[in-house]
Structures are given as C-alpha cells and as structure tokens.
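Below you'll find the structure, written out as structure tokens, and then a few comments.
Order of the sequence lines sets the chain letters (A, B, ...), proteins ahead of strands, with each chain counted from 1. All heavy atoms count here, side chains included; hydrogens, waters and symmetry mates do not. The model shown is predicted, which means the values in this text are computed figures rather than measured ones.
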There are 2 protein chains.
Amino acid sequence: MNTTTRRGRPRKGDARLSREAILTAALEVVDADGAAAVSMRTVAQRLGVDAKSLYHHIDGKEALLDAVAGHVLGGIDLPELTGQPEDDLRAIAQSFRKATRAHPQAAALVLTRQLPSIAALAPVEAVLSVLRKAGASPEEAVHLLRSLLAVVVGSLLREAGAGPAFGVTDEAGIAHRRAELERTGLPAVVESAPYLARCDHEAEFSFAVELAVAATMQRLATPRR
Amino acid sequence: MNTTTRRGRPRKGDARLSREAILTAALEVVDADGAAAVSMRTVAQRLGVDAKSLYHHIDGKEALLDAVAGHVLGGIDLPELTGQPEDDLRAIAQSFRKATRAHPQAAALVLTRQLPSIAALAPVEAVLSVLRKAGASPEEAVHLLRSLLAVVVGSLLREAGAGPAFGVTDEAGIAHRRAELERTGLPAVVESAPYLARCDHEAEFSFAVELAVAATMQRLATPRR
DNA sequence: ACCTGAACACCGTTCAAGT
DNA sequence: ACCTGAACACCGTTCAAGT
C-alpha cells in the first residue's frame, strides 16, 4: 500500500484534471458498467474530483459522450492498402469492427451519436481512395461509401445488442428462441427457425461485408450512363 | 371552451388510464419534443395524471420506450407481394422506411432498442418468404435477411441523424460543410467534397437498397457449394 | 383496482465564492 | 486558473396509505 490513495481532499500534488484524463475515466466507466452508468458524478468520482470540476474542461455531458465516441472511433487501426480493391474494402471494414469490439459497451455510442465528421475522416479517405482507384467517379464513390457504411453500422449495431435482432449466441438461449420462433406458425420463419435463433456475429458481419463488396465491384464493372 | 380541461384532480369520469393511452401519450411527447423529452413525469402530465400512476400499467421507463419502439415498428404497412423478388424486397424496405419516417423523432428509438423479436416478425416473414421463393435455402435466407436488415437499419440511422454522417440537407449548411471538407487536404475527400457535403436521404436509401438487392439476386443466381 | 403523498437516492448545471 | 459549497430544477421508483 503506497500513498496514492487518499480520503477527503484528493490528489493534492497529483496529475491535474485534464480533458484527456476525463475522457479516459469516462471510457473506463463505460467499459466497466456500460454507457448508461456514465454521469458527471461517476466520472468525477473515478478521478477523485467533484462533478462540477469537469465543466472547466468539457462542455457538459453530451459533449463528453461525443468525445468518448470520437475517441473510440479514432482508435481505428487502418490496414495498409494492397491495391486489390476487394481486399482493401474488406480490411477497412474489419478494422472498423475491431475498433468497436475493443470497447463493446461503447459500440452503441459510436454507432449512434452524430459524430463531428472529422473523427471518421481517416477511414472515409481510405474507402474513397480505394473506390476511386477502382474506377468510381467522385460522386459514385460517395454513394458507395455510404452504402458500405450503412452495412457496417447496421451489422455492428446488431452485434452491440442494439437494434432489432433475432439471434442469440448462448447455447441455452438458442433452443428457447427457436421454440419461440416455431410457435409463431409463420411458415418461412418456422422453416428458418434453427438459423434465425442463433447468430454468429463475426460470420454475419463478414457475410454482409462480402455481399456489399461484391455488389460494389459488380457495379464498378458495369459502365454507367 | 368546454368541460374537458380541469385543474387539480384531473379527469374524474374521463377515460381511464390504460397501457394504450400511455403509449400514445409517450409517442406524442416523442413526436413533439424528441425521445430525450420522454420522462415518466412528462408523459403522465399529458394524461393529467401523476407519474407514479403509470407504474400500474407499465413496467418502468425502459419498458415504456421499448413499447413505443415496438408500436412504431408495428405500424409497418407491408406491400402486397408481386412474385418479382427484386421488386418485393425493394418494396418491403421502403415500407420499413415509411414506418420510421412517420415518426422521425422516434426513428432512433426503433433502430436502437433491442426489440422483442415478435414486433418485427411480419416483415421478417415477408423477406424470408421472398428469398425462399427466389431459391435461397432456409439458412442462406437468414444470412441475406440480416444483410438486408443491416443496410436498412444503417441507412435509416444516418437519416435519423444518429450515427456517423457527413452530408447535410440544407443549402446553407452544404457550402460550409464542403469548405470544411476541402480544408482537410485529404485528396479523395477533397475530390468528393461536393457530394460528401450534401445528402439526399431518400436517394441514398434507395441506392443502398438497390445495391443490396442486386447483390442478393446475383448470389442466388450463383449455385453455392 | 387504481391512484397519490411522502420520501429516497439519484441527475445536470449555474454561480458566487474560495485558493 | 482551477476547484467547490450551496442551490436549483429536474429525474425514476418504492411503499404505505387512501378511495
């Protein structure tokens, strides 16, 4: 036991409060107890500080959550591009997934907040440049980018447990869910119930990305107008 | 001015409080002031009732929001199927969009909540049956369904102003956004800035759906394994 | 059966002080 | 320049009453 813990007036000579420290503390709260557990008070407590002190460094709770989301998104580790458009698009999508999987409890935050566009610029530049090299016009590249982003966001949102989902990953739950689906009596649902009841998120993500990449390449191969 | 307004003890002989009435009131609050404005107190006030009374009909705030989301999702008006798989998939996607556009402020709620799978069963049955008729196996139909759902959810989430977005719809904002994008100096971003700065949500939705439907049909035309 | 008063343990945020 | 005490106007929710 050393001198780092104190009661009462905390951290006299310790590191000062800073935007960076607040952000880190907030992310710790998210990772530990989920995004719903973030409050000015819980974050401040983790720093041994009064909640009101945070306002000297951050613009309020909404701004704090935006900053956390931006921070996670900024953690994307983009792949080196190979020049093979299909491989590169796949790899960028996977790096996006990796960034959100690093903080599962923060995923919904990242996918759901209106982010300051700047935060996501690096991956956007990467996708656009791959599409341009593959023959897309600057305009078409934007449409394709948005389609790809929709697939990625929609898939990761399902994985984060937000958004409409049907499948479940634990063996116990699958059987129950399957029985539930079969009881609906809807013919196509019943037929697909065994597959609808389970969900391998990684496989589904890859499937969806694969489909989107194939569609993209197919479209670029077809001369337009 | 008639006798419907009262102060103090409200609605003596009026319609009784009910789950249905609470749900409607909550949706009114969402439509009027956004999902963030929903509280047990604001909803109760709209019914001329104490907040605590709601607990006799609903399981708490989270359950209330789930119910509102389910209610909006339940308002989907599915198209009659034509037997043309591509047309049918497109039409189902558009009916999904229509349901969320009917309550724009509730869209994020619908797209973001872990819904009781039952709520979305009708559209799921529709999509699965179209895919089966188009030649998909029960298993492949599920993967394709999930991919399509991801595209739809991701696109609508962008439209709802949640999730990462770049474009803007008002002429005033577009110029500003464009300048901002050009200042980044990222070559592909700069090249596409004029298109990146604006976003026609309906067109982007249709584009993404079109791409996904094309990919789906292409895949079903290719014999698997 | 349904509604509420009193009460509790929380929130985010402002502002005038304190060092 | 940075932090906090006092204070305000909110939250969701429980429980013991009241009708």
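If you measure from atom CG of B:Leu47 to atom P of C:dC2, you get 16 Å, rounded to the nearest angstrom. Across the protein-nucleic acid pair, A:Leu17 atom CG and D:dT4 atom P stand 8 Å apart, rounded to whole Å. Nucleotide D:dC10 holds its C1' atom 13 Å from the CD atom of B:Gln45, rounded to whole Å. Taking atom CZ on B:Arg41 and atom C1' on C:dT4, their separation rounds to 13 Å, with Å as the unit.
For B:Phe207, the side chain to side chain contact (heavy atoms under 4.5 Å, CB included) partners are A:His143, A:Leu144, A:Ser147, A:Arg219, B:Leu211, not counting sequence neighbours. A search for side-chain hydrogen bond (donor to acceptor under 3.5 Å, both in side chains) contacts involving A:Asp50 returns A:Lys52, not counting sequence neighbours. When the side-chain hydrogen bond (donor to acceptor under 3.5 Å, both in side chains) test is applied to A:Glu202, no partner is found at least two apart in sequence or on another chain. Under the side-chain hydrogen bond (donor to acceptor under 3.5 Å, both in side chains) criterion, B:Ser206 pairs with B:Gln94, sequence neighbours left out.
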Canonical and wobble pairing (Watson-Crick, G-U, under 3.5 Å) of DNA chain C, dot-bracket with |: ||.|||||...|||||.||

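Pairs of residues two or more places apart, or lying in two chains, that qualify as salt bridge (Lys or Arg N to Asp or Glu O under 4.0 Å) and include a residue from residues 28-37 of chain A are A:Glu28-A:Arg46. Evaluation of the salt bridge (Lys or Arg N to Asp or Glu O under 4.0 Å) test over residues 181-194 of chain A, restricted to residues two or more places apart or in two chains, returns A:Arg178-A:Glu182, A:Glu191-B:Arg132. Residue pairs meeting the ring pair (Phe, Tyr, Trp, His ring centres under 6.0 Å) criterion with at least one member in residues 27-64 of chain B, sequence neighbours excluded, do not occur.
Look at B:Arg97 and B:Glu159 and you find a salt bridge, because one of the NZ, NE, NH1 or NH2 atoms lies within 4.0 Å of a carboxylate O, short of that distance.
At a non-hydrogen distance threshold of 4.0 Å, A:Asp50, A:Lys52, A:Ser53, A:His56, A:His57 from residues 50-62 of chain A come into contact with DNA chain D.
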